[in-house]
Amino acid sequence: MQKYDPIKIEEKWQKIWEENQEFKAKKSAKTDKPVQKMFLAEMFPYPSGAGLHVGHVRNFSIVDALTRFYTQQKLDVLRPFGYDTFGLPAENYAIKTGISPEIATKQNIDNFRKQAKRLGFAIDWSREINTSDPKYYKWTQWCFLKLFEKGLAYQKESYQWWCPVDQTVLANEQVENGHCWRCGTEVEKKKMKQWFFKITAYADELLSEIDSLDWPEKIKTAQKNWIGRSEGAEISFEIAEAGGAAGGTPAARNERSGVSTVGETAGDRTRVLPNIKVFTTRPDTIFGATFLVLAPEHPAIVKIVSDDAREKVLEYCKNAIKKSEIERQENKEKTGVFTGTYAINPATGKKIPIWVSDYVLMGYGEGAIMAVPAHDERDFEFANKFELPVIEVIEKPETDEDVDAVSMSSGEKIDGKKICYHGEGKLINSDRFNGIDSSDAREGIINWLEEMKVGKSRVTYKMRDWLISRQRYWGCPIPIAYDKDGNPHAIPEDQLPVIHPEVSDYAPDSTGRSALAKAKDWLKVTIDGEEMTRETDTLDGYACSSWYLWRYVSPDCETAAWDPEEIKYWAPTDIYCGGDHAVAHLLYIRFWCKFFADEGYLPFREPIKKLLYNGYINAPDGKKMSKSKGNVIDPLDVINSGYGADTLRTYELFIGPYNEDAAWSTKAIGGVYRFLTRCFNLTFNPEKTVEAEVNVVIRNKTVKKVTEDMHRAGFNTAVAALMEFVNELYKNGASTEDLTVLAKLLKPFAPHLASEMLEELKADDEWPTWDESALVADTVEVVIQVNGKLRAKLSVAVDELADTDKLTEMALAEENVKKYLNGGEPKKVIIPPKAKLINIVV
RNA sequence: GCCCGAGUGGCGGAAUUGGUAUACGCGUUCGACUUAAAAUCGAAUGGUGAAAACCAUAUGGGUUCAAGUCCCAUCUCGGGCACCA
């Protein structure tokens with residue numbers, strides 16, 4: 001009696017795989033049949049000091065199961081591995097300990113590699129990449145320069161999210177509910193000159209191609225929401241009057257009495273004033289626009305504000321800009337201030353006041369809106385508070401009264417009519433457009449505004465350009481230098497990579513610049529004979545991961561970021577698996593793909609064909625695992641406790657559907673260990689052997705089930721099918737053929753044990769096929785229903801299945817059926833094809 | 001507020017095309033082996049009921065010979081976006 005010893009078996013096979021370089025990607029030389037390639041990858045990990053956690057194991061095990069499945073099917077498989085190593089944890093550690101991030105990173109990588117090998121993953125270890133290796137980031141810098149050459153990497157001074165603890169600027173995607181995604185500190189706004197990638201140039205294509213992707217629906221929706229496309233119009237409002245003449249507080253107070261006082265003739269204009277452009281999705285409501293609102297950051301404010309109002313307005317703007325996003329959101333009450341200046345509504349020719357309020361955002365549209373309080377709840381609220389006029393221009397259809405009564409903001413009424421209706425309806429108070437349905441009027445009104453040269457149709461996006469500057473040391477240095485006038489110049493390609501200088505203190509300097517600024521010699525650089533100063537910002541880590549999938553095809557290439565021949569063969573990535581970065585990373589990598597496709601470097605426009613988005617593994621109590629809660633399960637502990645890697649991997653795939661969160665169960669993993677022990681015993685301690693024919697049905701059924709499950713990533717049900725097969729073999733006894741099939745099907749999940757079994761059985765690991773005709777037994781069970789309820793079961797020979805008359809006769813002869821028929825005739829007998837079921841209607 | 005996703009035994013979950021609801025695993029109970037325990041093996045296990053049967057897939061309706069699955073409404077939970085004009 002041999003005992004299943006996973007630790008010993010796993011050690012043996014890991015050594016063999018290492019020596020044979022078993023998983024090295026090979027391009028097949030076969031010419032007789034078209035060989036399919038398969039490029040699989042997980043989202044590469046950030047190698048933390050804590051080592052692999054069970055979440056990594058789940059993620060890697062999914063990719064590993066598929067890697068082995070396709071390898072066993074003799075496809076050309078590429079499954080590389082890498083490390084995403086730039087980032088704050090390593091830098092903070094360096095600041096605290098003085099140990100350089102390179103050294104700490106190297107130690108962490110060594111540990112991760114060792115642990116990944118202990119799990120027996122089928123990784124091509126000759127293709128390991130590390131984003132903080134100069135051989136890698138040389139090409140990250142090259143990518144930056146390509147974008148810079150085309151004007152898609154540019155500098156802009158603007159208000160940016162700033163984390164006061166991490167001392168760095170953050171991208172929109174890295175601000176979660178007004179807090180830093182890393183340290184949780186409340187973020188601030190700071191005006192700085194920053195580098196951006198112009199991702200908005202691809203907004204349309206990023207949006208329109210989403211539907212064609214084989215990605216989970218929730219990721220696609222998240223990306224669509226993020227891009228946030230809105231169709232509407234840009235409308236230009238002329239300034240009616242400069243402050244002094246008719247502005248001031250008393251005039252503003254007069255305005256509150258309503259429509260009657262607006263529409264005075266404009267006073268003398270003493271200055272040339274800019275027009276105010278607004279964006280609206282509802283140009284059909286323009287006749288109801290009774291005031292304009294500018295964002296506090298709007299550059300025109302200082303030019304148009306009246307002298308009387310100037311002090312108050314600038315004070316308001318200053319405070320609003322300083323306020324954090326949280327403070328702005330917490331204060332739900334609308335605030336604002338009148339500029340003392342008026343604009344002309346181009347549709348009505350009437351004078352309307354211009355206000356400033358922080359409910360208008362500078363980053364979207366034009367940073368200015370035309371307020372239509374009758375049909376927009378926010379404008380309505382604002383108008384109520386400051387007693388501004390409300391003009392209804394859309395008549396709510398009476399037919400959908402009930403629906404809209406509910407969606408009304410407050411049920412308040414003016415003149416007995418409900419106000420602030422934001423749906424569609426017939427236009428009123430809209431001059432020549434009266435009577436037209438609002439949805440039909442949009443185009444006509446835009447055309448009319450266009451004829452008057454005051455408006456045009458326009459599309460806007462919520463998505464902003466991608467802020468990539470980071471004031472940190474441990475990132476990819478931006479390959480830029482400034483001349484004495486402060487103009488940016490690309491570091492010439494032959495001077496790449498721009499490598500980190502050695503410093504002794506990794507903390508940012510007092511001005512908020514990264515520690516790179518402390519390396520005085522390094523800062524000096526000569527380009528074309530001119531003395532310049534290097535950029536001290538580094539790139540957002542997401543830049544490094546926006547092209548790594550392509551580096552995998554030729555990780556050692558010294559002449560290009562990726563070898564054109566290799567990329568043509570292997571890319572795009574066929575299956576990509578991860579459980580994070582739904583928007584940021586997966587949007588950025590698509591953006592770079594489209595850019596490099598446009599530049600002729602990539603022969604495809606979407607980088608990832610199929611995306612698998614796996615769920616988290618939570619602690620047994622259902623809560624997130626975290627060091628502070630002390631509920632972390634360490635995968636290496638699980639392995640070393642005697643279960644081994646095969647049990648751990650199989651368990652994590654069996655725990656539930658791969659794309660849903662799951663809670664760790666210390667008990668349930670024992671069931672998987674029992675299952676593997678039974679597989680071992682069937683092979684090494686057989687009690688009886690039987691002919692291959694005995695289990696022919698279940699064997700073929702299992703091959704079919706597992707194969708189909710692998711194609712749809714149904715790992716949990718595939719393991720369940722294998723368990724059923726093993727249970728059956730325990731009952732019936734197993735043939736060599738049964739065991740060979742079992743071992744082959746088991747290999748994607750428990751590769752060490754499966755290899756051990758196949759060696760014993762003297763078999764290769766080629767994926768088995770099933771015989772469809774063998775799936776059908778001689779007799780099948782037919783279910784008899786009366787009025788849809790199960791009343792009896794019949795055993796019917798397969799060749800009699802098609803004989804509906806005979807089946808009906810047999811069914812009606814059943815005692816229990818007779819009981820329900822009560823001597824009468826059935827109204828109807830239904831025998832659906834293929835269903836093995838008869839339904840008798842009485 | 002808007003947009004996704006999901007609600008099935010004591011628990012994790014299965015049911016892929018409308019056709020036997022609860023596969024597989026955990027747990028529990030009983031039995032075998034053992035001086036005993038563990039391990040292992042076998043059996044049972046949605047609820048009520050002696051049985052026949054009835055009731056069960058968040059709730060209420062509907063379509064259908066037949067609904068976990070399709071349609072309408074409601075509730076709850078999870079996720080994304082959120083003063084985006």
Side-chain angles (χ1 to χ4, degrees), chain A residues 177 216-226 228-230 232 278-282 285 289 293 295 328-329 331-332 334 357-361 363-372 375-379 381-382 407 409 422 460-464 582-583 615 651 654-657 659-672 674-675 677-678 681 687 705 708-709 711-712 714 716-727 730-731 781-793 816 819 826-842:
Chain A
N177 277 328
E217 213 47 53
K218 67 172 180 178
I219 309 290
K220 297 208 270 187
T221 320
Q223 294 213 350
K224 281 184 198 170
N225 288 345
W226 187 262
R229 184 180 197 272
S230 292
V278 307
F279 172 75
T280 178
T281 54
R282 295 296 300 270
T285 63
V293 188
R328 277 203 198 185
Q329 275 169 9
N331 190 5
K332 291 221 172 80
K334 293 270 183 294
S357 173
D358 64 5
Y359 85 91
V360 175
L361 309 173
Y364 183 73
E366 294 291 337
I369 59 153
M370 61 173 210
V372 185
H375 305 291
D376 180 285
E377 286 177 20
R378 296 151 301 183
D379 299 343
E381 205 188 312
F382 194 81
S407 70
S409 62
H422 57 244
T460 50
Y461 301 91
K462 285 186 202 169
M463 182 170 68
R464 321 281 158 88
V583 172
Y651 169 65
F654 179 64
I655 194 168
N659 55 337
E660 277 169 36
D661 290 355
W664 185 270
S665 163
T666 312
K667 288 230 170 102
I669 191 172
V672 173
R674 270 191 282 283
F675 159 65
T677 304
R678 289 169 139 232
N681 286 339
E687 282 181 14
K705 171 77 177 151
E708 288 177 352
D709 279 353
H711 281 295
R712 61 174 194 94
N716 55 330
T717 50
V719 174
L722 290 171
M723 287 173 167
E724 280 184 78
F725 186 33
V726 165
N727 290 346
Y730 251 63
K731 262 184 233 156
E781 191 177 69
V782 173
V783 168
I784 305 172
Q785 296 180 335
V786 178
N787 286 344
K789 286 198 188 220
L790 175 66
R791 295 302 176 193
K793 286 178 184 178
N816 211 27
K819 202 175 98 188
K827 272 191 208 150
K828 211 171 168 185
V829 176
I830 289 155
I831 304 178
K834 275 184 169 181
K836 286 181 254 170
L837 175 143
I838 304 174
N839 191 14
I840 295 162
V841 186
V842 295

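All figures in this text were calculated on a predicted structure; none of them were measured in a lab. Note that these values count all heavy atoms, side chains included, but never hydrogens, waters or copies made by symmetry. Labels below follow one simple rule: chain letters A, B, ... track the order of the sequence lines, proteins then strands, and each chain is numbered from 1.
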**Message:** Using a 4.0 Å heavy-atom cut-off, does A:T460 contact any base of the nucleic acid, only the sugar-phosphate backbone, or nothing at all?
**Reply:** nothing
Rounding to a whole Å, what distance do you find between [X]:[atom1] and [N]:[atom2]?
X: A:N839; N: B:G19; atom1: CG; atom2: P; answer: 13 Å
X: A:K667; N: B:G25; atom1: NZ; atom2: C1'; answer: 14 Å
X: A:L837; N: B:U17; atom1: CG; atom2: P; answer: 18 Å
X: A:I784; N: B:U20; atom1: CD1; atom2: C1'; answer: 12 Å
X: A:R791; N: B:C65; atom1: CZ; atom2: P; answer: 19 Å
X: A:K819; N: B:A52; atom1: NZ; atom2: C1'; answer: 6 Å

Can you tell me how far [atom1] in [N] sits from the matching atom in [M], rounded to whole Å?
N: B:U45; M: B:G25; atom1: C1'; result: 14 Å
N: B:C83; M: B:G12; atom1: P; result: 36 Å
N: B:C24; M: B:A14; atom1: P; result: 14 Å

Nucleotide paired to [N] in any strand shown, Watson-Crick or G-U, under 3.5 Å:
N: B:G68; value: none
N: B:C33; value: none
N: B:C81; value: B:G1
N: B:C75; value: B:G7

**Asked** Is the glycosidic torsion of B:G9 within 90° of 0, making it syn, or is it anti?
**Response** syn
**Prompt:** Is there a donor N/O on one and an acceptor N/O on the other, under 3.5 Å, for the side chain of A:N225 and the base of B:C81?
**Reply:** no
**Asked** Just checking, A:K334 and A:Y359: is the charged tip under 6.0 Å from the six-membered ring centre and within 45° of the axis?
**Response** yes
